[in-house]
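Remarks on the structure that follows.
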Amino acid sequence: MSFTKSAIYPANPNTVRGQSTKLSSSKDKIVYANGRTIILRDLKDPAASYVYTGHVHNTTVARISPTGYYCASADASGTVKVWDTIGEDKILKGEYRVLSGKINDLDWDGESKRIIAVGEGREKFAHAFMFDTGTSTGEIIGHSKPLNAVSIRRQRPFRAATGSDDATIGFHHGVPFKYASAIKTHTKFVQDVRFSPSGDHLASVGSDTKIFIYNGASGETIREITSDSHTGSVTACGWSPDSKTLMTVSADRTVKLWDVEASKLVTSWSLGTGVDHQQVGGTWTEGDEIVSLSLSSDLNIFDKRVGDKPSRIIRAPQKAVTAALPTGSGTFLAGTASGKVFSFSATGEAFPISGDGHLSLVTSLSSSKDGKVYSAGFDDRLREIDGPTFTPASLTTKSQPKSLAVGGDRSVLLAEINGLEVVRDNQKISELSTSFTPSAIDVHDSLVAVGGEDAKVRLYIWDGKSLKETGLLEGNRGPISAIRFSPDGTMVVSSDSSGKVFPFDVKEKKLITSAWAFHSARVNSIQWTSDSRFCATGSLDTNVYVWSVEKPTKHIAIKNAGLGGVNVVFWLEDDGKKGKLVSSGADACVRVWDVVFHG
Amino acid sequence: MVQYGGDEVAALVVDIGSSTLRAGYAGDDTPKAIIPTYYGYKSQPPDADVSMSGIGDDPSAHNSRIAKMFVGQDGPSIYREGMEVGNPMKEGLIEDFNPITPLIRHALEDVMCIRPADHPILVTEPAWNTPANRERMAEIIFEEFNAPAFYIANTSVLNAFAAGKGSALVIDIGHSEASVTPVIDGFVLRKGLVHSSLPALVHKRAKHVLTQPDQNRRGINLLPHQLVANKAPVDPGFEPQFNVREDRLQGITKSWRNWAENREASEWIHSVASVLDQGWNEQAVAARGARQYEFPTGYNYHFGAERFEIGELFFAHPQHLQAANPNLPKSLPQLISASVTSCEPDIRQVLLSNVVLGGGGSLFAGLADRLNNELNRIFNHAKIHAPGNPAERRYGSWLGGSILASLGTFHQLWISKEEWQEHGRPIVGQRCK
Amino acid sequence: MASGVGLHNECLTVYQELKLGHKYKYILYALNDAKTEIVAESKREVKSKEIADLTSEEEKYKLFLQDLTKGSTCRWGVFDFEYFVEGKRNKLTFISWAPASSKIKERMVFASSKDALRRSLVGIATEVQGSDEDDIAYETVLEKVKK
């Protein structure tokens with residue numbers, strides 16, 4: 001049995017209200033941070049995207065060197081990692097702890113040799129160093145508050161500009177970097193500074209809504225762009241590849257393009273009216289695509305010739321994926337920790353299910369035989385999804401639902417912390433108080449298996465009106481974390497918080513094998529292939545295993561399948577010889593694996 | 001977007017304490033409005049309509065109980081039948097925001113006669129304020145008062161800066177709370193921040209001591225003047241001769257009575273209480289002598305030892321009191337030790353060499369001298385900066401806020417109304433650091 | 001919290017000359033008259049007659065103190081402090097001076113503006129604040145510097 005990576009559908013960037021998020025780009029890739037990962041999303045070929053998982057702390061920003069060979073990424077602990085972008089293994093070139101606080105931005109010099117990282121720190125707010133040795137190359141002085149942005153002029157004479165919360169821009173001569181002057185044009189936080197690709201100009205934008213242009217070599221202020229100015233904080237700016245046009249994005253929900261020479265507005269895109277449409281980041285790629293980031297985490301791609309709306313919008317989960325459900329023909333749904341549910345196409349494009357959804361983490365997604373989808377969340381609600389929207393149907397569960405399963409008669413069976421509840425057509429039709437705390441549930445025809453925190457699995461018959469206990473399966477070593485019947489109904493697998501995966505024979509109520517025992521932490525998800533021969537499991541230990549019923553000692557181990565833990569696994573398709581397995585979890589990225597089964 | 005940068009309109013500074021709320025113009029030397037934080041209120045009778053004068057918008061249980069509020073100089077101190085007395089503060093923090101809006105409104109609109117919507121408002125907060133409280137205050141100033149700009153400043157840091165120090169150990173003794181805050185480079189060191197309701201204990205103890213008989217006198221009746229119809233002069237220590245206002249006796253509430261009697265005890269403290277400069281010593285007590293004090297009933301007495309016993313509570317708790325209450329609030333030396341030992345060794349000396357004393361309660365007779373002696377006994381080298389000017393001591397944080405908010409360069413640091421609307425609550429924590 | 005007061009450009013350029021070029025023995029900073037900016041009020045070159053004539057570090061430091069504590073103005077000073085511990089060493093020392101005789105308004109603006117100056121000067125090894133002569137005496141600072 002073997003597997004290969006098939007595709008990765010990356011998460012969208014982290015966003016925080018009132019702060020800017022740095023987006024950078026190199027050729028056709030946009031680069032950004034999410035959780036503890038750095039994502040290189042290829043705009044032309046999504047399959048060529050890459051997710052870097054080397055950071056231990058929350059990541060903040062990353063930029064690829066001008067040569068394209070290396071990526072420098074930074075995190076909230078003040079660490080910069082420089083790694084090879086070309087090879088398969090993304091070999092780490094250097095790791096440096098440069099500041100004692102969060103790094104907000106970094107930039108490469110034109111020779112791809114030096115990096116300046118800026119942010120928060122006790123002793124200083126910035127560090128300039130050689131990318132391969134970490135030795136410092138000058139000093140950035142002159143600021144009294146944290147730095148939000150840094151840009152290094154690509155051409156000689158080298159210059160660096162640093163934008164700060166103290167409302168000033170530091171202009172430094174290099175190398176080695178030395179303070180030259182402070183630019184005091186802004187009256188509030190400076191959010192972004194960028195030298196144009198030609199080096200002729202420097203642009204700065206800030207929370208005071210202003211945009212300034214300076215001479216790139218001297219730092220002298222040329223002018224403020226005042227006509228048609230933004231009406232809210234300007235959070236980012238970027239230059240066109242030909243250095244003639246400047247893009248700015250703002251909390252006023254617009255993205256604007258400016259002709260720098262004429263100091264005039266060229267285009268203005270308005271993204272919407274809600275808080276979610278505030279623009280918090282942006283970049284102009286070398287491939288001439290204009291990308292902006294909304295607070296909602298939508299990545300908006302603009303064609304500069306089309307003035308009324310983005311040419312496309314890339315949406316994807318931003319927070320951990322906590323529930324999933326295949327919906328046929330290669331499509332699937334993914335529920336997340338924020339309450340949003342995304343529908344993925346067979347090619348990995350996602351859009352959020354519209355309507356009032358869940359207010360907090362989605363715990364479970366399941367469907368009835370006729371295709372209706374049900375979702376449960378920590379907001380104690382049971383909802384229904386019809387196509388691309390949530391229906392108005394909403395039932396408040398008796399207590400917090402951990403999991404749900406849908407029976408043949410469209411009854412929705414809920415495992416809640418205080419017991420079991422059965423709902424049909426948005427009406428509660430039965431409930432059962434249990435002596436144990438239910439933690440997982442699955443159903444096959446009228447047979448229901450409920451796993452509890454007491455490590456036992458209880459079997460019930462559901463007759464349409466009530467649940468009658470018919471059996472007990474013991475053997476698990478910790479609270480049951482997932483339960484799944486095989487499609488042919490002869491087996492039921494229960495996994496627990498210790499990592500054990502136990503398949504039981506339903507009729508005999510006996511353990512079939514104890515060889516499915518390679519996970520080292522809570523197993524969150526179990527899913528059978530349609531022929532009931534193979535079973536995939538995903539765990540908090542970040543691994544995915546594919547087990548065989550016929551040859552219990554043979555298995556596939558997909559290690560490090562998801563930074564922070566795998567929460568869901570499911571088969572998109574399988575034909576007995578091979579299959580497409582999907583996993584997702586804490587890092588909000590969806591990974592697709594091509595699996596080849598043994599004969 | 002309109003920046004707040006007006007030079008013409010003066011900013012306002014509001015400093016809310018447990019006893020009084022101070023408000024005034026930035027740039028002034030003293031607050032123009034000093035109103036009691038205590039307020040009178042009448043509960044809603046079961047089926048009467050609610051009269052909404054001066055009540056905040058929060059639909060809480062308390063609010064539904066309040067039918068009418070009485071604030072300011074004509075608030076709790078005026079007799080009204082059935083009027084209760086409340087205080088929104090608890091342990092130095094605002095616990096109930098409902099009365100806050102009417103209190104601020106009274107100070108600004110009624111006492112200072114201004115329209116809040118015309119002025120940026122700087123509010124102070126104690127060092128242990130919660131982010132939720134801070135944001136709620138911003139919400140009140142922007143949404144209920146429609147102010148064009150807002151800032152919230154930490155009282156300990158204001159006190160340190162007013163003494164010219166970026167790093168200091170700020171000891172703030174208020175009406176009900178005493179706090180010790182280490183400030184390093186303008187930032188509060190949270191782990192060294194300690195506070196206790198020591199002043200409240202002192203007041204409570206004073207009331208207890210006065211109302212209990214001792215070997216030389218009877219228990220004293222703390223009847224407030226609002227309930228005294230007339231009184232005749234009597235010799236010290238003799239039974240008072242007065243007539244109660246029977247017509248009012250029925251109408252007073254328990255909370256009002258409590259408040260009024262506490263006030264009488266406070267008056268007594270301000271007039272005659274003191275603390276010895278070297279620790280308890282019978283001869284020193286005798287040497288300092290007794291002071292005469294007269295109560296609204298006409299009862300008067302020469303108070304000797306008890307006026308020093310009360311002050312001593314700031315520095316040491318007597319055995320019997322400790323035995324009765326295991327959870328006594330920490331004394332000043334205990335607070336200071338707790339604070340200093342929680343800080344890293346290398347900054348302790350900086351803090352002790354830069355002690356800043358402030359708060360109305362620090363004006364307690366003899367307290368500053370005794371504190372200096374105690375600190376230099378326990379620690380190597382301690383230096384206290386205690387402004388001699390009583391206004392500077394009492395209104396130190398208001399004054400610091402007044403100076404800051406009047407600076408031209410400070411204008412760019414206000415949170416404007418537009419920014420509040422754009423960013424919401426998170427902006428308060430981001431900008432007011 | 002800050003006062004919003006900014007730095008005059010010269011504040012940093014002279015600091016850089018002291019730090020990288022050892023051109024100055026000390027620099028004195030103060031608020032300008034309008035209290036809108038911090039300026040480099042005065043500086044003393046290493047090669048100046050006043051410094052060159054003095055032989056001990058203590059004497060040079062006392063000259064610095066004279067300039068720092070003139071009048072009842074609040075000032076900041078950066079002093080390139082030389083001392084001997086297994087060889088000759090030097091530490092850049094930052095001193096905040098707020099005399100008790102200064103007015104509360106000046107002290108308030110001074111203290112709330114300090115960070116604007118202090119954080120911009122990267123490379124300061126020792127910091128001292130004082131309101132009395134003994135807080136900033138040579139012996140006191142020497143002990144701090146040696147730590």
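Lettering of chains follows the sequences in order, A, B, ..., and the numbering in each one begins at 1.
Atom NZ of residue Lys114(C) and atom OG of residue Ser167(B) lie 5.0 Å apart, to the nearest 0.5 angstrom. Ile104(C) CD1 to Phe161(B) CZ: the interatomic distance, rounded to the nearest 0.5 Å, is 13.0 Å. If you take CG on Leu407(B) and OG on Ser113(C), they are separated by 7.0 Å, rounding to the nearest 0.5 Å. Rounding to the nearest 0.5 Å gives a distance of 8.5 Å between OG of Ser112(C) and CD1 of Ile403(B). One distance of note links CG of Asn354(B) with CG of Asp135(C); it measures 6.5 Å at 0.5 Å rounding.
No part of Ala405(B) comes within reach of chain C, as not one of its non-hydrogen atoms sits under 4.5 angstrom from that chain. Proximity to chain C is absent for every atom of Asp346(B), based on heavy atoms less than 4.5 angstrom apart. With a threshold of 4.5 angstrom between heavy atoms, Leu399(B) approaches chain C through side-chain atoms but not through N, CA, C or O. When heavy atoms are compared at a cutoff of 4.5 Å, Lys144(C) approaches chain B solely by way of its side chain, counted from C-beta outward. Contact of Glu392(B) with chain C is made through the side chain alone, with heavy-atom distances under 4.5 Å.
Listed here is the closest heavy atom pair of Tyr151(B) and Met1(C): OH-CB, 3.4 Å. Residues Lys383(B) and Asp132(C) approach most closely at NZ-OD2, 2.6 Å, considering heavy atoms. The minimum heavy-atom distance between Gly164(B) and Ala98(C), with the atom names listed, is O-CB, 3.6 Å.
In terms of heavy-atom pairs under 4.5 Å with chain C, the best-connected choice from Val157(B), Val350(B), Leu158(B) is Leu158(B). With chain B as the partner, the residue from Pro99(C), Gly6(C), Ala2(C) showing the most heavy-atom pairs under 4.5 Å is Ala2(C). Of the listed residues (Cys432(B), Ala163(B), Ser353(B)), the one with the most heavy-atom contacts under 4.5 Å to chain C is Ala163(B). The candidate with the highest count of non-hydrogen atom pairs below 4.5 Å against chain B, out of Arg107(C), Lys105(C), Glu37(C), is Arg107(C).
Side-chain N or O atoms of Thr409(B) include none that pairs as donor or acceptor with a backbone N or O of Thr36(C) at under 3.5 Å.
For Glu143(C), the CD atom is loosely surrounded, since the number of other residues' heavy atoms within 6.0 Å does not exceed 12. Atom CG of Asp33(C) sits in a sparse spot, with 12 or fewer heavy atoms from other residues, nucleotides or ligands closer than 6.0 Å. Residue Asn389(B) places its CG atom among more than 12 non-hydrogen atoms of other residues, nucleotides or ligands, all under 6.0 Å distant.
Two residues are said to be in side-chain contact when any heavy atoms from C-beta on lie closer than 4.5 Å; Glu127(C) and Asp185(B) meet this criterion.
No hydrogens or angles considered: a donor-acceptor pair under 3.5 Å links the side chains of Lys165(B) and Ser131(C).
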